[in-house]
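Input: a single structure, listed below in structure tokens.
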Amino acid sequence: MKINLSNIKKAQKLLNKSECVAIPTETVYGLAANAYSDKACKKIYKLKKRPKNNPLIIHYLNSQILKRDCNFNKDFKKLYKIFCPGPITFILDLKKNSKISKIATNKKNTLAVRFPKHPITRSLLKKLNFPLAAPSANLSSKVSAVSSAHVKDDFGKKVKYVLEGGKSSIGLESTIIDIRKKPKVLRLGGIEISAIEKSLNKKIIMENNTSKISSPGQSKLHYSPGIPIRLNVKKVCKEEAYLLIKKGSKKKPNFYFLSKNGNLKEAAKNLYNTLRKIKKDKYKSIAVSKIPNKGLGKTINDRLKRASKF
Ligand code: AMP
Ligand code: MG
């Protein structure tokens with residue numbers, strides 16, 4: 001997508017005035033504000049109706065700039081080299097003299113950081129003298145936005161500006177990894193755990209949902225289209241929308257496909273868009289057929305499972 005400089009300038013101007021702007025990223029759209037400003041970060045929580053105890057991911061252009069705010073270790077440096085910019089979020093120790101807003105961290109002494117790949121958001125970050133706090137640009141606990149139209153559907157005019165960046169290329173949130181000691185994944189996402197394990201040559205722990213939750217946003221109903229979801233369904237009712245991983249021979253008006261041939265990357269990219277479409281088409285419930293639990297399929301299943309806790 002072509003970079004429109006006047007759009008970026010408009011976003012820059014608003015962000016400099018502590019306003020919120022929706023930004024495109026390769027994972028999902030973000031609702032961004034100055035991460036050094038309490039006033040700006042408060043607006044994110046208010047707009048999203050997000051619980052105050054759920055801290056925000058901070059978006060940086062590169063690790064050089066992050067040095068102001070966080071301490072690094074060897075594992076971080078290795079993964080940064082391989083996967084950044086890209087769909088991976090690191091939990092790091094916050095430096096004592098960091099200027100990051102305590103509203104964004106909920107007074108934690110750790111910080112979730114990411115380096116987005118989307119060229120438009122990278123151009124914007126280059127122009128700012130602060131990093132961007134940016135959770136997903138959707139109402140709290142609802143389906144994430146993967147296009148500017150989705151952001152407008154959720155917020156209308158309440159968000160002052162949506163920076164257009166086309167459809168998000170990955171369509172699922174970042175993988176969150178706590179890298180401070182033994183690497184531990186807090187949220188499945190756009191990068192597979194096996195790829196991280198290979199890069200670090202280490203086994204990675206997956207945070208168990210029943211243990212103490214260190215990523216608060218992960219515990220409750222999340223990613224919900226606002227209607228009930230049934231999983232692993234073989235027999236669908238007529239009134240339900242039926243979500244399938246691939247296009248089969250049967251085509252019925254209530255059948256929705258995530259991919260042509262079962263490609264998991266394509267399915268991930270289409271997931272949130274399809275959930276939103278089903279809701280728009282006025283179905284009252286969704287039945288999901290089995291989705292292979294491998295690679296990105298694990299992340300898709302994770303999201304559908306949380307979305308089904310209606
Ligand atoms: P989102 O709202 O979709 O951007 O998701 C952000 C996720 O990052 C939430 O689940 C937060 O709980 C998590 N998060 C942010 N900061 C931290 C942190 N310091 N430690 C652990 N998880 C965090
Ligand atoms: Mg979110």
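Note: hydrogens, waters and symmetry copies are ignored here, and every other heavy atom, side chains too, is used. In what follows, residues are counted from 1 in the order of the sequence shown. Order of appearance sets the numbers: ligands from 1, and atoms from 1 within every ligand.
Only protein N, O or S atoms were scored, and 1 of them lie under 2.8 Å from the Mg ion (ligand 2).
Taking 4.5 Å as the limit, some side-chain heavy atom of Leu79 sits within range of a side-chain heavy atom of Leu200. Using a 4.5 Å heavy-atom threshold, the side chains of Arg114 and Pro116 count as touching. In this structure, the side chains of Asn34 and Leu15 stay at 4.5 Å or more apart for every pair of heavy atoms.
Under the 4.5 Å side-chain contact rule for hydrophobic residues, Leu243 and Val236 do not share a cluster.
When non-hydrogen atoms are compared, ligand 1 lies under 4.0 Å from the side chain of Ile91 (C-beta onward) but not from its backbone. Contacts between Val28 and ligand 1, counted as non-hydrogen atom pairs separated by less than 4.0 Å, are absent for every part of the residue. In Ile176, the part holding a heavy atom less than 4.0 Å from any atom of ligand 1 is the side chain.
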Report all side-chain donor-acceptor pairs from residues 82-97 shorter than 3.5 Å, counting only partners two or more places apart or in another chain.
unit_1	atom_1	unit_2	atom_2	d
Thr89	OG1	Ser174	OG	2.7
Lys95	NZ	Lys67	O	2.6

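Between Phe255 and Phe257, the angle of the ring planes goes over 60°, which puts this pair in the perpendicular group of the 30/60° scheme.
Under the 3.5 Å distance criterion, the side-chain polar atoms of Glu239 are left unmatched by any main-chain donor or acceptor of Lys284. Remark: side-chain polar atoms of Ser101 are paired, donor with acceptor, to backbone N or O of Ile103 under 3.5 angstrom.
Here is the list of ligand 1 atoms found below 4.0 Å of a heavy atom in Leu186: 21 (C). Of all the atoms in ligand 1, the ones that sit under 4.0 Å from a non-hydrogen atom of Pro135 are 2 (O), 4 (O). For ligand 1, the atoms lying closer than 4.0 Å to a non-hydrogen atom of Ala112 are 15 (C), 16 (N), 17 (C).
Look at Lys48 and you'll find every heavy atom at least 4.0 Å from all atoms of ligand 1.
Paired with Asp153 under the rule side-chain hydrogen bond (donor to acceptor under 3.5 Å, both in side chains), one option of Lys279, Arg276, Lys280 passes, and it is Lys280.
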